[in-house]
Amino acid sequence: MNVHPSIIPEDEPQRLAAVRRYDILDTPPDGSFDRITAIAARRFNVPISIISIVDHDRIWFKSHHGVQVEQVERDPGLCASAILSADPHILTDANVDARSLANPLVAGEFGLRFYAGVPLRTSDGYNLGTLCVIDREARPISQAEIEELKDLASVVMDQMELRLSARQAVARAEIMAREIDHRVRNSLHFVSALLTMQARLSDLPPAASEQLQMAANRVAAVARVHQNFHIEAADEISCIGFLRRLCADLSGILDRPVKVDGDEGNVPTERIQPIGLIVNELVTNAAKHGATNINVVYHLKDGMHELSVRDNGEGLPPGFDLEQSASGLGMKVVKALADQLGGRVSAVPNPSGCGCCFTVAFPA
């Protein structure tokens, strides 16, 4: 809609930027603000009290005591006129006030007669909206009452500043966390590279070189899991989404397809790292034993998470015993991580044909 130029402040672009900075438009109802409008309505003995935010084409109500509407068009809203000045906007009898005679809220069915609005002014001097009280009957207002309304408007701004400060603190913490995360990943990659270089020294015995390379690979695995884990920050993470990102990395490193299938389901963030390390270990082991196709499957059923790695490699040797095979470092790592999740490890031939299937099941 087109807003009449007479109700657009000179600093409108900067004012709207301030509105966006506080990020309050279209947020859910808030008891703190609702209590302020209820107090204002009782104190001034009026049926309606509103906390409004003036957007570019509408006036949105953060709290609306006594009316059900959540917003009105900016023109002819009286709050749009109230933000033109830092001073309170007072209409003791809108029916005879030249500023409001033609306003549809006054001349129309709504029948507004009394309006007192105090701008919600930011610390850098921009009027976001108003705290206003409204009546359908004309009435006087004293200077002392205006000062009380200004005090309540200050409380509204205190609440908004508090929320803004909290959001900024969270944003700073997230930036710091990303910086720390970046440095941790770089350090892990650096250690992995050093171990790889050491493993390639020509004067090392083959067994020592192999052990160093295995150590380098595991440090690199921790770095990969760390990288994919920190893409999202939440109390829970989509397990299938995390596995797809991790396995896309593994597919490129191992130069063979690593497919991910299964159910959508979230896991607590503290569980996602051991899950990632288990998958890394089993997928890498499958590739080591000749698998050219590897499939990671995740299911959530009957209160249990079930994570399987299936391959088309050499398969399990005759008489395979998982407990005895756990003497190797790889299976020791997998079993330790499964124990950390409160789960168990099993191994069977791949149901799809050749190869094998390792499964880790753990409670939700």
Side-chain angles (χ1 to χ4, degrees), residues 1-40 49-65 67 69-89 115-134 146 149-182 230-235:
M1 65 166 291
N2 294 322
V3 179
H4 196 278
S6 66
I7 59 170
I8 298 179
E10 292 182 0
D11 61 356
E12 181 68 352
Q14 295 84 0
R15 191 196 68 80
L16 285 173
V19 170
R20 300 291 180 267
R21 183 173 77 237
Y22 282 83
D23 194 26
I24 194 168
L25 287 170
D26 300 312
T27 53
D30 188 308
S32 298
F33 295 108
D34 291 341
R35 282 189 288 275
I36 294 171
T37 53
I39 290 169
S49 178
I50 293 171
I51 294 172
S52 69
I53 304 295
V54 180
D55 199 1
H56 68 99
D57 62 348
R58 60 174 177 155
I59 301 173
W60 178 76
F61 301 156
K62 175 59 183 173
S63 178
H64 43 95
H65 179 89
V67 289
V69 294
E70 296 181 352
Q71 63 183 40
V72 295
E73 292 182 349
R74 181 167 177 173
D75 192 356
L78 290 171
C79 295
S81 299
I83 66 166
L84 296 176
S85 168
D87 298 324
H89 190 74
Y115 176 93
V118 174
L120 300 175
R121 195 167 179 83
T122 67
S123 57
D124 50 353
Y126 298 110
N127 293 338
L128 305 180
T130 70
L131 169 64
C132 63
V133 288
I134 296 170
I146 292 173
L149 192 61
K150 289 167 67 175
D151 287 341
L152 287 173
S154 296
V155 175
V156 173
M157 282 309 302
D158 288 345
Q159 289 291 326
M160 291 179 62
E161 292 288 355
L162 182 63
R163 285 157 174 75
L164 176 61
S165 297
R167 285 195 298 274
Q168 290 173 337
V170 169
R172 286 193 294 270
E174 288 175 349
I175 290 170
M176 185 178 293
R178 285 196 293 270
E179 176 62 23
I180 293 171
D181 170 56
H182 177 70
H230 281 281
I231 287 177
E232 3 179 349
D235 292 335

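The structure presented is a predicted model; accordingly, all values stated were derived computationally and were not measured.
Legend: salt bridge (Lys or Arg N to Asp or Glu O under 4.0 Å) pairs involving residues 149-158, not counting sequence neighbours, sorted by first then second residue: Glu147-Lys150.
To the nearest 0.5 Å, atoms SG (Cys79) and CD1 (Ile7) are separated by 11.0 Å. Note that the CD1 atom of Ile134 and the CG atom of Leu78 stand 7.0 Å from one another [nearest 0.5 Å]. Separating the OG atom in Ser123 from the CE atom in Met157 is a distance of 7.0 Å, to the nearest 0.5 Å. Rounded to the nearest 0.5 Å, atoms CG (Asp11) and CG (Asp124) are 10.0 Å apart. Rounding to the nearest 0.5 angstrom, the gap separating the CD atom in Glu161 from the OG atom in Ser154 is 11.0 Å.
Here Arg167 pairs with Tyr22, Asp23, Arg163, Leu164 under the side chain to side chain contact (heavy atoms under 4.5 Å, CB included) rule; sequence neighbours left out. Applying the side chain to side chain contact (heavy atoms under 4.5 Å, CB included) criterion to Ala38, with sequence neighbours excluded, gives Arg42, His65. Considering only residues two or more places apart in sequence or on other chains, Ala153 meets the side chain to side chain contact (heavy atoms under 4.5 Å, CB included) condition with Val118, Leu120, Leu131. For the side chain to side chain contact (heavy atoms under 4.5 Å, CB included) test, residues two or more places apart in sequence or in another chain that qualify with Asp55 are Leu16, Arg20, Leu25, Asp57, Arg58. With sequence neighbours excluded, the residues forming a salt bridge (charged side-chain N to carboxylate O under 4.0 Å, His left out) with Glu12 are Arg15, Arg74, listed by chain and number.
A pairwise comparison of heavy atoms in Ala82 and Pro119 identifies O-CG, 3.7 Å as the closest pair. Contact between Ile146 and Pro88 at its shortest, heavy atoms only, is CG2-CG, 3.7 Å. Of all the heavy atoms in Ile59 and Ser52, the pair that sits closest is CG2-CB, 3.6 Å.
In this structure, the side chains of Ile51 and Gln159 stay at 4.5 Å or more apart for every pair of heavy atoms. Counting heavy atoms from C-beta outward, Thr130 and Tyr115 have side chains that approach closer than 4.5 Å. Side-chain atoms of Phe61 and Val72, non-hydrogen and from C-beta on, do get closer than 4.5 Å to each other.
Just one residue in the list Thr37, Asp34, Ile39, Leu149 forms a side-chain contact (heavy atoms from CB on, under 4.5 Å) with Ser49, and that residue is Thr37.
Side-chain atoms of Lys62 never come within 3.5 Å of backbone atoms of Ile50 as a donor-acceptor pair (strictly under, hydrogens ignored). Formation of a donor-acceptor pair under 3.5 Å by the Asn127 side chain with backbone atoms of Ser85 is found in this model.
Within 6.0 Å of CD on Glu70 lie no more than 12 heavy atoms contributed by other residues, nucleotides or ligands.
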